[in-house]
Amino acid sequence: MRDSVTTTSGLLKISLADKLTFEDHDNFRELLKLVSNNDHQRCEFDLAELHAIDSAGLGMLMIAYETAQKVGMKFTLARPSGQVERLLGISEFDKVMNITH
Amino acid sequence: MDAIIQSRKERATITEFVVETLEMEQNNSTSLETIIEHNTTEGTFLDVARSASASSTDSEEALNFIGKWLNLSETQRKALNIITDEIGLVSDLVETNINDISSTFRELAQHSRTQSEQVSDLADAAKHIEYKGKTVDLAEIIQTIDKHLTDMIGKIIDTSKHGVKVVYALDDVATDVEKVEGLISRIEGINKQSHLLALNARIEAASAGEAGKGFAVVAHEVQELSSAVNTLALNMREEISKVANGVRRGHAQIKDVANIDLSENIMVKDTIQELMDCIIAQNESYTTALRSSETVSKDITKDISGVITQLQFQDRAKQRMENLSDTMGVMERSLAAFEDRTLNNCDGCKASSILDEEWFQSLIEGLTLGEMRDRFMQAIYGKDIPAGLIETVPTNAAKNTQDDDDIELF
């Protein structure tokens with residue numbers, strides 16, 4: 001997984017690329033720390049460049065959502081595509097969190 | 001020549017009389033006796049016969065002519081009689097067959113109704129299945145499967161989430177254990193220094209002699225204390241080491257569990273959903289076809305009922321044939337009465353024994369059914385059928401009707 005973080009006027013934007021699997025859990029934890037710092041009103045995970053995800057990856061996105069919820073941040077998964085979008089759809093993530101296309 | 005002209009006139013008069021008589025009899029407006037009386041009074045037929053007997057030559061010719069006429073009348077009576085019988089046979093044949101056909105159609109209608117009901121049941125059953133003695137709707141089953149799959153996927157996501165959380169927690173525990181191990185190392189270091197310090201103090205106390213005895217006791221106690229602390233630190237290190245090893249093993253195992261990719265299992269829901277959609281589409285297709293078949297069966301039943309109703313024409317046909325038979329009977333009786341009157345009123349008149357076979361042969365040739373032909377010939381000739389007629393008629397008739405009695409039904 002590759003990641004990049006940008007912040008603009010109350011928005012913490014975390015862009016993920018390549019694939020998100022259990023192997024990335026250490027790196028992902030660092031991103032979670034950014035979320036839990038509660039420095040912004042909104043948190044967006046941009047998944048446009050993320051091409052694959054496994055069940056642990058889905059679990060990590062769910063942890064990110066819960067972390068943001070805990071600190072009162074609005075949470076969004078943005079622009080998922082391909083296998084990632086399909087898995088998010090089957091898993092009905094849209095019933096839990098906001099997903100924009 | 002005059003005689004021939006006269007003969008033709010007489011024949012024309014007789015023919016007109018017969019036609020008139022038959023028409024009047026058919027109209028049933030005048031009795032036979034009245035007709036004969038009327039014609040006698042008017043001096044038509046019998047007068048002609050009587051006047052014809054005035055001269056001997058003409059008389060003989062007239063008597064021959066009347067004889068032939070009487071013979072013709074008798075033959076025609078027999079023909080009318082056999083026609084009446086044939087009409088009766090046809091009526092019975094039609095009635096029997098129409099009754100059979102009606103009965104068959106009623107059975108057909110019943111079968112069609114049964115088929116319609118069975119198809120209807122089948123169409124209803126196509127939407128349900130029997131499960132543990134209960135009837136369950138197919139759409140409900142699919143909804144249930146979808147719900148179970150959604151629950152299962154939710155649990156997979158939840159398990160993955162908790163797996164990662166446990167890994168994070170054990171990461172923290174491992175870090176904390178490492179910190180504790182560091183602290184124990186520091187305790188051990190301090191304790192080592194304390195031990196050395198106590199040893200130095202004892203050496204210094206021994207050098208001081210009597211004055212250092214008290215200090216030597218304290219130094220000894222400190223050394224003992226240091227040894228106890230050292231033993232405790234060792235025990236702690238051992239215990240912490242056990243805990244650290246347990247945490248590391250657990251950490252490794254939970255990583256293995258969390259690393260199992262269940263995304264393919266999640267994808268199965270999509271496949272199952274597509275299969276279910278296919279089943280529903282196919283089921284709807286079958287149901288539509290069955291409903292259509294049910295409608296067709298109902299239409300067939302309705303059509304058959306219509307046919308059965310239309311077959312009631314047989315009643316009307318039978319009545320008409322009975323009317324025809326009655327008319328034939330009247331015609332036959334008219335001819336018989338006319339023959340009697342002729343014989344009674346004409347001295348020397350008698351029916352010719354020679355049958356005019358020309359018209360009868362043409363009549364027989366027109367009959368294409370051998371069985372019917374035989375009955376006609378038997379009615380006219382009895383058992384003495386002329387050999388020439390037997391040879392000629394079947395041959396000519398056979399040209400038109402090969403195997404006419406053996407109707408091939410399909």
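Values below: all heavy atoms of this structure, side chains included; hydrogens, waters and symmetry mates excluded.
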For the atom pair [atom1] ([X]) and [atom2] ([Y]), what is the distance rounded to the nearest 0.5 Å?
| X | Y | atom1 | atom2 | result |
| --- | --- | --- | --- | --- |
| B/L262 | A/D54 | CG | CG | 8.5 Å |
| A/L61 | B/S160 | CG | OG | 11.0 Å |
| A/S55 | B/N259 | OG | CG | 9.0 Å |

Please identify, among [options], the residue contributing the most non-hydrogen atom pairs under 4.5 Å to chain A.
| options | result |
| --- | --- |
| B/D270, B/V164, B/I153, B/D171 | B/D270 |
| B/K255, B/E264, B/Q273 | B/K255 |
| B/V167, B/I156, B/N265 | B/V167 |

Q) Within residues 82-101 of chain A, which positions have a heavy-atom distance to chain B below 4.5 Å? A)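 Residues of residues 82-101 of chain A touching chain B at under 4.5 Å: A/Q83, A/R86, A/L87, A/I90, A/S91, A/E92, A/F93.
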Q: Verify the neighbour count for atom CZ of B/F215: are there more than 12 heavy atoms of other residues, nucleotides or ligands below 6.0 Å?
A: no
Q. Are more than 12 heavy atoms from other residues, nucleotides or ligands located less than 6.0 Å from atom NZ of B/K298?
A. no
Q) If you count heavy-atom pairs under 4.5 Å between each of A/R29, A/M60, A/H25 and chain B, which one has the most? A) A/R29
Q: Kindly determine whether A/F22 and B/I260 satisfy side chain to side chain contact (heavy atoms under 4.5 Å, CB included), including the steps that lead there.
A: CA-CA 9 Å; A/F22 179 74; B/I260 295 170; over 6 Å; no
Q: Please report the closest heavy-atom contact between A/A56 and B/A258, naming both atoms and the distance.
A: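 Nearest pair, atom of A/A56 first, then B/A258: CB-O, 3.5 Å.
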**Q.** Under 4.5 Å from any heavy atom of chain A - which part of B/L149
**A.** neither
